[in-house]
A.B. asks: 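Attaching a single structure in structure tokens format; questions to follow.
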There are 2 protein chains.
Amino acid sequence: MSRPTETRRPLTLRDVSEASGVSEMTVSRVLRNRGDVSETTREKVLQAAKALGYVPNKIAGALASQRVNLVAVIIPSLSNLVFPKVLSSISDELEDTGLQPVVGVTNYSPEKEEQVLYEMLSWRPSGVIIAGLEHTPAARAMLENAGIPVVEIMDVDGEGVDSVVGISHRRAGLHMAEAIIAAGYRRIGFLGSKMPEDHRARKRLEGFQEGLAKAGIELADTEFYAGGSALAKGREMTETILKRTPDLDFLYYSNDMIGAGGLLWCLDQGIDVPGRIGLAGFNGLDLLDGFSVRLATMNACRGEIGRKAAQIIAGRSQSNMIGGEVIELEPVLEPGDTIRKA
Amino acid sequence: MSRPTETRRPLTLRDVSEASGVSEMTVSRVLRNRGDVSETTREKVLQAAKALGYVPNKIAGALASQRVNLVAVIIPSLSNLVFPKVLSSISDELEDTGLQPVVGVTNYSPEKEEQVLYEMLSWRPSGVIIAGLEHTPAARAMLENAGIPVVEIMDVDGEGVDSVVGISHRRAGLHMAEAIIAAGYRRIGFLGSKMPEDHRARKRLEGFQEGLAKAGIELADTEFYAGGSALAKGREMTETILKRTPDLDFLYYSNDMIGAGGLLWCLDQGIDVPGRIGLAGFNGLDLLDGFSVRLATMNACRGEIGRKAAQIIAGRSQSNMIGGEVIELEPVLEPGDTIRKA
DNA sequence: ACCGGCACCGTTATCGCTAACATACGGCGC
DNA sequence: GCGCCGTATGTTAGCGATAACGGTGCCGGT
């Protein structure tokens, strides 16, 4: 009820050691469960620590031991819904390894990414998980020189610094194109975000166009957006593109959220999906489970990506084997109800 | 192209100081922009640091200066969509204060919260922003003894440790009840999550029931869920509750996501909304902008909450004024299209 | 009685950086 | 010339923990 001390000086090991009558070293051993301590002193120490409300100072600990139990996780955005998913699979996997993820957000800006990376590396984490393969030269240099395991995730189309876990967005786009063509669609439009720094979306589009080209087809129209609620944007863009190019018979969206918006708009308009027009998105958001008509999409293996990445970091922080794994996962087409059955 | 050194020993201030021919202290001053350094040496040092690829060690810096530029932000979940929003407003507000948010997630578990808090406090952050007012006794004690500004956010119905920024969920529920009754609805059902630790949802329900009681009405039926895609669950639950109690004329959902699922189901079924049945959710997700029929909801001021909380932390970390502010924000009813006009 | 080994615990020396103080130096006023 | 000030830099002493090693009992074997 009354304050333990007058001026609240933060507690240190010394306080606990004095309170329990043993040396700081022994207290440290007890608190870390490391080294031999008799059961009786262990009890004494724990009791004293609890009574004082002692919280160890990891800053000092990390400096002395040269070990930090943090893993830097750097992603472009939290509002994308994709990334929280990856994040949670990372933290699940890290749960009982003693490692802890720390998140940094770049807003799809390479400069911000460089900043965030610098900031995080200055805490000397035991590993870095970072989205994408495209970084500023300085950022890349930092990753190479950090001397810790680095896992670049989400994308395998390019050269990685160290380990890489992801899917080929190029091939994902290509496969989607093939599926669409196989289903008999020919007048195809693309709708996506304007962000020039979303390399994965760009690669999907490139792969998609390549797939179309193989069948001698070109994109009939495209529409881009920036900012705002993706669902609402999907709705607007769909209306816009169909007004401009009414004979489109398929719309490929760069993500599920705008795809879902487009789907809602089509349903509202009473358009026959997938007869008159087919739709597909990308990501496999479980959000889509809530629609009566299920949008075709491609599962981006987000959970698996996070898990593998975490495993690599955890594995390498124990045994210091030399890394450089590249794990390519295979995205799965989920045809849903918005592509005609062939 | 070739590695700078054979065995890559992490760089220290000493390396930079040797490379630039000045003392470590001067290098430190340059890198922190603190104290007087002549322009010429500043240049020399910066150049050396860049050439070596030096990244400062904040661990050592923090230990020496007893200052850490981190703010712990502790929230129940990242998949709720509400919290990423709060997070981003916090980090926007902190952007140019030199402070940096670090996120911890509790999964709505008080024990996990206690763990995460302990973990974060052991890094000696300059402040804590934590969701909710309900904590374990140990967690509360830690917050009280940490000697740093603490802001509990989202909720004001209860006793805070230090500062509090949020809305009254009890009153939010109550107001929603009044609005619904004013619109002429009488057979009212509630649909929500089963989580016993979601105190804010509980308080909304209590306030809602209180509002109904004032008009001499009781909840006609309730339905709860746990886990899974909220949109899909909303759909299922709505079907279930309406099968069980067909004469309900209003459904109050504990969040917008399940509300949206319910709305989709009603539209699919061709049910007249808001004539035959009214619907309302809670949170004001901008996701809802994408629907042709807009769900009634209540804006929970998430952006404002994050901003104010960050301001309090930032303000107090500069001038050490004594805290204890309580800021109650006023949620706004957004009637949308799913409540009859009175 | 002596020695080796084990279980337990203390001492010392960092870890990389910064606060606080000390020093060097040039210029200025008197 | 002397003292003094201000600027630009160096020196010293920690910050709070841990690694590495050094004791100290106690036991059992010989």
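Each chain gets a letter, A, B and so on, in the order its sequence line appears, and its residues count up from 1.
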A.B. asks: Can you build the contact string for nucleotides 8-19 of chain C? Use B for base contact, S for sugar-phosphate-only contact, and - for no protein heavy atom under 4.0 Å.
C.D. replies: SBBB---BBBSB
A.B. asks: Between A:Asp36 and A:Arg42 (salt bridge meaning N to carboxylate O under 4.0 Å), is one present in this structure?
C.D. replies: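 The answer is no: the pair does not qualify as a salt bridge.
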A.B. asks: Angle between the two end axes of the helix from C:dA1-D:dT30 to C:dC30-D:dG1, five base pairs per end, rounded to 10 degrees?
C.D. replies: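 Inter-axis angle at the termini of the helix from C:dA1-D:dT30 to C:dC30-D:dG1: 50°.
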A.B. asks: Taking atom P of D:dG10 as reference, at what distance in whole Å does atom CD of B:Glu18 sit?
C.D. replies: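 Atom CD in B:Glu18 sits about 13 Å away from atom P in D:dG10.
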A.B. asks: Roughly how far, to the nearest 0.5 Å, is CE of B:Met120 from NZ of A:Lys58?
C.D. replies: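 Atom-to-atom, A:Lys58:NZ and B:Met120:CE are 10.5 Å apart.
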A.B. asks: Is there a donor in the side chain of A:Ser38 and an acceptor in the side chain of A:Thr41, or the other way round, less than 3.5 Å apart?
C.D. replies: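 Distance-only check passes for A:Ser38 and A:Thr41.
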A.B. asks: A quick test of your reading: do over 12 heavy atoms of other residues, nucleotides or ligands sit less than 6.0 Å from CZ of B:Arg32?
C.D. replies: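 Yes, CZ of B:Arg32 has more than 12 neighbouring heavy atoms, counting only those of other groups under 6.0 Å.
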A.B. asks: Have B:Thr26 and B:Ser23 got a donor and an acceptor in their side chains that come within less than 3.5 Å?
C.D. replies: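 Yes, side-chain donor-acceptor contact under 3.5 Å.
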A.B. asks: Just by distance, with hydrogens left out, do B:Glu114 and B:His135 show a side-chain donor and acceptor under 3.5 Å apart?
C.D. replies: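 Judged by distance alone, the side chains do not pair up.
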A.B. asks: Quick check against the 3.5 Å criterion: does A:Asn145 have a side-chain atom that pairs as donor or acceptor with the backbone of A:Ala141?
C.D. replies: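 Judged by distance alone, yes, a pair lies under 3.5 Å.
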A.B. asks: Do the charged groups of B:Lys308 and B:Glu325 touch, with an N to O distance under 4.0 Å?
C.D. replies: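 No salt bridge links B:Lys308 with B:Glu325.
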